[in-house]
Every structure is written in C-alpha cells, then in structure tokens.
Amino acid sequence: MIEPVTFGDDGVALLDQRQLPHQETWIELDSPEAVATAIRDMVVRGAPAIGVAAGFGMALAARAARGLDEQAFRDRLDAAAETLAAARPTAVNLAWAVERVRDTVRRTLEDGATVAEAAERAEREAVAIKEEDIAANRAMGRHGSMLVPDGARVLTHCNAGALATGGYGTALGVVRAAVEEGKKVTVLADETRPYLQGARLTAWELQKDGIPVTVIADSMAGSLLARGEVDLVVVGADRIARNGDVANKIGTYPLAVMARRHGVPFYVAAPLSTFDPACASGDLIPIEERPSEEVTHLGGMRLVPEGVTARHPAFDVTPAAFVTAIVTEAGIVRAPFPSGIARLLGLEAETAEPIPPDASTDLSADEDENGAEGADTAAVLAAAGDDGEESPPPADGADPGEEELFS
Ligand code: MRU
C-alpha cells in the first residue's frame, strides 16, 4: 500500500507528488516550518494526508524542543501550530490534526508529565493520527463498496486515493474495497485542471494496483454522464459543513450538478476528521486561492498570452442538495444531513441547522437511530438490490435555477 507520509528518527519523509507520475522521489524534512512549506507547495496534498503530515510537523517541533523548560516548550509548539495550520486554509483535517497534537501535549503537561514525556506523547499522537486514518479508510471502503455494483463504471475527480491520505484512500478506498471483494470496477478519472491530480496521481496509483482507469478531460464528464456511461460518481472532501455542504477540488460542484441532472448517484467519501462542527454551511468554508501560474502555465510553459491574468480558486462547494450520500468510517449518511451529521459527530441535534427547503429533503433513505447506515444496514441495502442507482428527487421546493434546470 502506498503511504505518502512516513515518520521516523530522521524526521518526516514525503513522497514528492509534484514529480509524479514521472519520478518517485522522497523528500526528508526535519522541522515544522519545512513541513508547512511542503504542504503549501503541494509536495503532499489531499486533506487527510496534509493532516497526517501536519501532525508529524507538530511531533518534530516537540522533539526539537524537548530540552527546553515547559513555557518555552509550549511556546515552540504554539508557533509550530500557527505555521502549520496556516499552510492551506480549506482542508479542515490540517487544523484538526495540529490541534489534536497540541491538545494532547497540553493535557499531558497538565497531568504532571515532564517536557520530555510530553514530547514523546506528541510523537505517539501523530503516529496514531496516521494509523487511525488508514483504519478509517478501510472501514469507509467496507461501507462504501456496498454502493458499488459489480461491473460499475465509476467517475471520480481529483485524487482521493492513497496519495491523499495516510494510505488506501477515501473515494479510491471505496473502489479498492469493491475490487477486493471481487467486483469488476472501471474508473473514469477527471484529469482535474489545473493541477492535474486526476491525470497524474489517480491514474498513477490505480495503474499501480491494476485497477482499470481511463483519464478524461473535465469537460467530457457531462456528456459521458448524459450517454449513460457512468454508474456512479464518488469523490473525496476537504471540509464538510454541519448541513452536509461539501468543499472539494474545484470542478466537483459542476460534476454533482450534472450527475443529478442525469440521475447518477453522487457519493462523497470522507473520514470524520473532514467534518467541521464549527461550520454551519458551505458558504462559511474558506476557499484557497492558489497562484494563477498554476492555471497560466503547464509544466513550466506559459499557455495564455503574456499580460493576461487567471483566477485559481482551488476548491468549490457542492450544496448538500446534490449529494446522494456521504460515506464515513462510522457508516453512510443520507439526507436529512443536518440531523445525521449531528448524530454522527455526537453534537446535540439542536445545534444542527434546520433542513433547507430544497431537493436534499427528498433524498430519503432508511436511517438507523444514529442517522447513519452502518455496515449492517448497508449490507441490507445491497441484499435488497440497492446498487446505488437512484433517480433524482423531484425539484419541488428547489431554488428557481435548479427547478428550471431539471424540469
Ligand atoms: O489541492 P489538493 O490536491 O490538496 O486537493 C485534494 C482534494 O480536493 C481531494 O479530493 C480531497 O482533499 C480529499 S482527499 C481524500
């Protein structure tokens, strides 16, 4: 299994994803600042993977400060946390992992441990973040594979695979699990302009695993959906709001709209660490603006005329109304998302936003009392012949634009 982030006595090692698929180069880093720079520069990318890397960045800070007095140790960790958390703004896993390590250190010290013991505890916590991420991906795969029929043609966007996580992948973990169960699955990978995570990374890791993959330009997805050449769409996420709105790689939102238009289920696979309980809805999710050179240039060559500028919002938000289901390690959640997500995250139901009067309310499905379908329920759905095919819900109550589009 590909594990793009490792940690040991020499520091953090990252598989340099900027060089893929041409070269498999590893970069070794020995400071939190270097880890933050690598995250910003896309050496490592993908929400869970940057969380794992940032956790190790905190462990490096703790290791380097283990000889200091307690206040200086805490100050160093606070500084590292600030630097790491600021590296990229959209993926909530990053801040989540940084806070998890910092909080563990704080509690360890409060319990009377020495600085050296707290530093060791930081390392163990960072290792646990990675191990739990891989375990979560495998669990997600087990739940999500129930939604993948034998012979499925699966469309995905960006790279939500082993490379984007501690290992195994979220969206591609679902594909992997289905293949491991003996199903024949073929993958259509959006190339994912402008950074080409689909063409370079998804294609690379699926080919390595012997899973059939065909790359398409992003602009081809709509017509393939219209021609009935896609059975389901599955993508990852960078942040999921309490109401089920999903931030993911730019180009995900139009894909979800087209999937709905053509009655193809649109699934999101993400660990609980990608949910942001502090974020009520998608419009509150910060969207990273990356350098315009990533749009104007390809492989160092300028594509657009000198003097012409470009925009590069790196993520978009897919309203919950377009999401058929969210696959997590704890089970599968369907609409109504606010109550299902609140229960999944152990939040008080009252803190969830009221369900908006839109199409998502029509995506009803059996829920257990937790608002999530665990493995058993998913198994029941599969046995009952629910192969993930769903017709789009009626547009009643949808906003005027949506109604017009789907009438
Ligand atoms: O800019 P990137 O490559 O970090 O964006 C990655 C994505 O958008 C992924 O789909 C998302 O992080 C989920 S990865 C399991």
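All ligand and atom numbering here is 1-based and tracks the order in the structure. Every heavy atom of this structure was used, including side-chain atoms; hydrogens, water molecules and symmetry mates were not. Here the structure is a predicted model, which is why all the values come from computation and not from measurement.
Atom 10 (O) of ligand 1 has its closest protein heavy atom at N248 OD1, 2.6 Å. The protein atom (non-hydrogen) at minimum distance from atom 15 (C) of ligand 1 is T170 OG1, 3.1 Å. Nearest protein heavy-atom neighbour of atom 11 (C) of ligand 1: D238 OD1, 3.0 Å.
If you number the atoms of ligand 1 from 1 as listed, the ones under 4.0 Å from a heavy atom of F315 come out as 1 (O), 5 (O), 8 (O). Those atoms of ligand 1 with a heavy atom of A160 less than 4.0 angstrom away are 14 (S), 15 (C). Those atoms of ligand 1 with a heavy atom of M42 less than 4.0 angstrom away are 1 (O), 3 (O). Distances below 4.0 Å separate heavy atoms of A164 from the following atoms of ligand 1: 14 (S), 15 (C).
Taking 4.0 Å as the cut-off, A314 does not count as a neighbour of ligand 1 on heavy-atom distance. Not close to ligand 1: E288, with no non-hydrogen atom less than 4.0 angstrom away.
Classification of K208 and E24 as a salt-bridged pair holds, one side-chain N sitting under 4.0 Å from a carboxylate O. Comment: D150 does not engage K184 in a salt bridge, judged by the lack of any side-chain N to carboxylate O separation of less than 4.0 angstrom.
Contacts between H157 and ligand 1 below 4.0 angstrom, taking non-hydrogen atoms only, are absent altogether. Under 4.0 Å from ligand 1, the heavy atoms of A237 that appear belong solely to its backbone. Contacts between Y195 and ligand 1 below 4.0 angstrom, taking non-hydrogen atoms only, are absent altogether.
Across V185, L147, I211, V174, a single residue satisfies side chain to side chain contact (heavy atoms under 4.5 Å, CB included) together with V154, and that is V185.
For residues 51-62, no pair satisfies side-chain hydrogen bond (donor to acceptor under 3.5 Å, both in side chains), with sequence neighbours left out.
Note: an N/O pair closer than 3.5 Å links R88 and ligand 1 by distance alone. Where the criterion is an N or O separation shorter than 3.5 Å, residue side chain and backbone included, K249 meets it with respect to ligand 1. The distance criterion of under 3.5 Å between nitrogen or oxygen atoms is met by A47 with respect to ligand 1. Taking only nitrogen or oxygen atoms, main chain and side chain alike, G161 does not reach within less than 3.5 Å of ligand 1.
Judged by the 6.0 Å and 45° rule, K130 forms no cation-pi pair with F7.
For Y253, the OH atom is loosely surrounded, since the number of other residues' heavy atoms within 6.0 Å does not exceed 12.
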